[in-house]
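All chains are named by letter (A, B, ...) in the order of the sequence lines, taking the proteins before the strands, and each is independently numbered beginning at 1.
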Number of protein chains: 2
Amino acid sequence: MPPVEPPEPPPATASKPRLSREVVLSAALALVDAEGLDALTMRRLGQELGRDPMGLYRYTANRAAVLDGVSELVLNELAIFPEDPDWQAQLRRIAHDLRELALRHPNVVPLLVTRPLSTPLGLRPLGTLRPLEQILALLIDAGFAPADALHVYRAYYGYLYGHILNELQEFIVDPEENEALLRLGLHRLPAKDFPRLRALAPVLADYDGRGELDEGITILLSGLAERLSPRA
Amino acid sequence: MPPVEPPEPPPATASKPRLSREVVLSAALALVDAEGLDALTMRRLGQELGRDPMGLYRYTANRAAVLDGVSELVLNELAIFPEDPDWQAQLRRIAHDLRELALRHPNVVPLLVTRPLSTPLGLRPLGTLRPLEQILALLIDAGFAPADALHVYRAYYGYLYGHILNELQEFIVDPEENEALLRLGLHRLPAKDFPRLRALAPVLADYDGRGELDEGITILLSGLAERLSPRA
DNA sequence: AAGATCTGTCTACGACGTAGACAATACGCG
DNA sequence: CGCGTATTGTCTACGTCGTAGACAGATCTT
């Protein structure tokens with residue numbers, strides 16, 4: 001009989017390089033990106049790190065805090081340069097960056113959108129408030145009165161989030177089956193009740209998200225600049 | 001010794017008027033409105049109806065289907081008149097109606113926003129596709145080419161959803177404590193990192209959601225009408 | 001080296017979604 | 001009216017979840 005194996009059967013991937021909040025959160029993000037929000041359970045996350053699930057509680061208060069941390073982590077990927085004097089160009093670039101960020105982490109988007117709904121502004125993870133603060137800085141530095149800056153921000157961010165949600169809703173993961181699945185799905189709709197939607201199948205199939213966002217931003221920025229201008 | 005009580009100790013509220021999909025779903029909606037999404041568990045819903053939780057599965061496939069049903073129920077409250085020749089007025093009214101609907105059912109909003117993200121267009125509950133179809137009808141009847149109608153729809157609905165999310169994020173339930181809580185929350189923010197946000201506390205406190213939505217819609221509609229016009 | 005603090009592990013509990021077997025009821029048809 | 005069939009309601013049970021609390025090992029301070 002062979003001697004008892006030392007308890008080293010764990011998932012092969014990585015031994016134990018000391019835990020930390022950052023390690024936990026980025027494992028969480030990786031898991032969400034790879035398998036979706038539902039896969040992010042404390043037990044699974046522990047397993048992914050080769051650790052006892054309870055150990056995670058040394059670094060995060062509870063599961064909700066992990067979700068907040070993931071939101072924060074993702075939003076930190078967004079760069080904003082509040083000193084840029086060309087506020088319109090800056091807002092346009094941020095919009096495209098955020099859109100791409102969302103496409104890169106589609107499973108995180110529900111988090112970004114949903115969690116603030118249940119947390120009053122002042123109690124949110126600071127990382128998620130940074131974009132707000134920086135965009136306000138951008139606008140105020142560009143000459144907007146603070147209250148106007150807030151209005152511009154709201155219209156801008158509102159449209160931006162709306163667009164991203166819209167685009168992601170029509171987004172289907174597997175680009176191969178994209179068209180097939182789409183048509184298949186649409187075909188299921190009763191022809192009598194949804195004639196226009198069904199007729200639009202081909203157009204739906206090629207959605208130029210980037211282009212539509214850009215157009216929308218153009219409309220919005222020029223409209224906003226018309227009624228609220230810097231240094232007025 | 002008194003005779004054995006017939007098994008009639010249940011929660012006083014309503015006896016047993018036969019179950020149905022509609023009854024189940026509206027109980028679910030009531031529960032969500034009253035206590036939030038997390039309170040909507042199969043067991044709790046069964047209890048609310050004075051029934052065994054497993055009975056619900058005769059009317060809905062699983063919990064996810066209940067959530068879909070609730071979305072559908074809420075969206076059915078939205079009236080759209082696709083024959084209205086004044087498409088801009090119609091879109092504006094729908095926007096305000098949807099906003100009020102969202103304020104009436106704030107706990108359902110995450111559902112409206114989130115569920116389509118994980119369901120391809122063609123597989124969604126039909127009730128949630130009705131607004132899309134009807135708005136397309138409205139625009140096409142007004143003279144837009146179908147593909148243009150889709151673009152208008154996307155920009156419009158995107159902005160609309162974005163606005164609603166934005167407004168709800170700043171919305172705090174208890175109107176009494178509203179300002180206090182808000183300031184309290186903001187006060188927690190490090191003054192060095194969030195100067196503008198903190199300075200805007202008073203402006204944040206009175207958010208005219210209706211007014212901002214209306215302005216945004218105006219900007220968007222006029223911008224859209226400029227580059228895509230009906231009967232072009 | 002000794003004590004204190006920090007990190008990791010284990011066990012256990014209550015709540016959840018839901019499969020599957022059964023009982024009660026309602027309904028169609030003679 | 002009664003009987004067989006289909007529908008509706010109930011119960012038990014399983015596996016998974018989040019996480020409280022007790023404890024053990026590791027690391028740091030002096």
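In this view, Arg130(A) and Gln134(A) satisfy the side-chain hydrogen bond (donor to acceptor under 3.5 Å, both in side chains) rule, not counting sequence neighbours. Residues satisfying the side-chain hydrogen bond (donor to acceptor under 3.5 Å, both in side chains) test with Glu72(A), not counting sequence neighbours, are none. In this view, Ala30(A) satisfies the side chain to side chain contact (heavy atoms under 4.5 Å, CB included) rule with no residue, not counting sequence neighbours. With sequence neighbours excluded, the residues satisfying ring-ring contact (aromatic ring centres under 6.0 Å, His included) with Tyr161(A) are Tyr157(A). Legend: residues meeting side-chain hydrogen bond (donor to acceptor under 3.5 Å, both in side chains) with Arg44(A), ordered by chain and number and at least two apart, are Glu35(A), Glu48(A). Every side-chain hydrogen bond (donor to acceptor under 3.5 Å, both in side chains) that Asp33(B) has, sequence neighbours left out, goes to His105(B).
Atom C1' of nucleotide dT19(D) and atom CG of Asp52(A) are separated by 12 Å, given to the nearest angstrom. Nucleotide dT18(C) holds its P atom 18 Å from the OH atom of Tyr59(B), rounded to whole Å. For the pair Met54(A) CE and dC17(D) C1', the interatomic distance rounds to 12 Å; values are reported in whole Å. One can place CG of Leu56(B) at 12 Å from C1' of dT10(D), the figure rounded to the nearest angstrom. Counting to the nearest Å, the P atom of dA26(D) and the CZ atom of Arg51(A) are 13 Å from each other.
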Output a table of donor-acceptor pairs, distance under 3.5 Å, between side-chain atoms of residues 117-124 of chain A and any protein atom two or more places apart or on a different chain; print 'none' if there are none.
from	atom 1	to	atom 2	distance (Å)
Ser118(A)	OG	Arg115(A)	O	3.1
Thr119(A)	OG1	Arg115(A)	O	3.0
Arg124(A)	NE	Thr119(A)	O	2.8
Arg124(A)	NH2	Pro116(A)	O	3.4
Arg124(A)	NH2	Thr119(A)	O	3.2
Arg124(A)	NH2	Gln169(B)	O	2.8

Report, one line per pair, each donor and acceptor closer than 3.5 Å where one atom sits in a side chain of residues 195-206 of chain A; sequence neighbours left out.
from	atom 1	to	atom 2	distance (Å)
Arg196(A)	NH1	Asp141(B)	OD1	3.3
Arg198(A)	NH1	His187(A)	O	3.2
Arg198(A)	NH1	Leu189(A)	O	2.7

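Judged as a salt bridge (charged side-chain N to carboxylate O under 4.0 Å, His left out), the pairs with a partner in residues 96-106 of chain A (not counting sequence neighbours) are, in order, Glu77(A)-Arg104(A), Arg93(A)-Asp97(A), Arg99(A)-Glu167(A).
Picking from dG18(D), dT9(C), dT7(C) the nucleotide with the shortest atom distance to the side chain of Tyr57(A) gives dG18(D).
The cationic atom of Arg154(B) (NZ for Lys, CZ for Arg) does not lie both less than 6.0 Å from the six-membered ring centre of Tyr159(B) and within 45° of the ring axis.
A donor-acceptor pair under 3.5 Å is formed between the side chain of Asn107(A) and the backbone N or O of Val32(A).
Taking every heavy atom of residues 60-70 of chain B and every atom of DNA chain D, no pair lies under 4.0 Å. Using a 4.0 Å cut-off on heavy atoms, the residues of residues 27-45 of chain A that approach DNA chain D are Thr41(A), Met42(A), Arg43(A), listed by number.
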message: Counting primed atoms plus P, OP1 and OP2 as sugar-phosphate and everything else as base, spell out the protein contacts along nucleotides 23-28 of chain C at 4.0 Å heavy-atom distance: B, S or - for each nucleotide, 5' to 3'.
response: ------
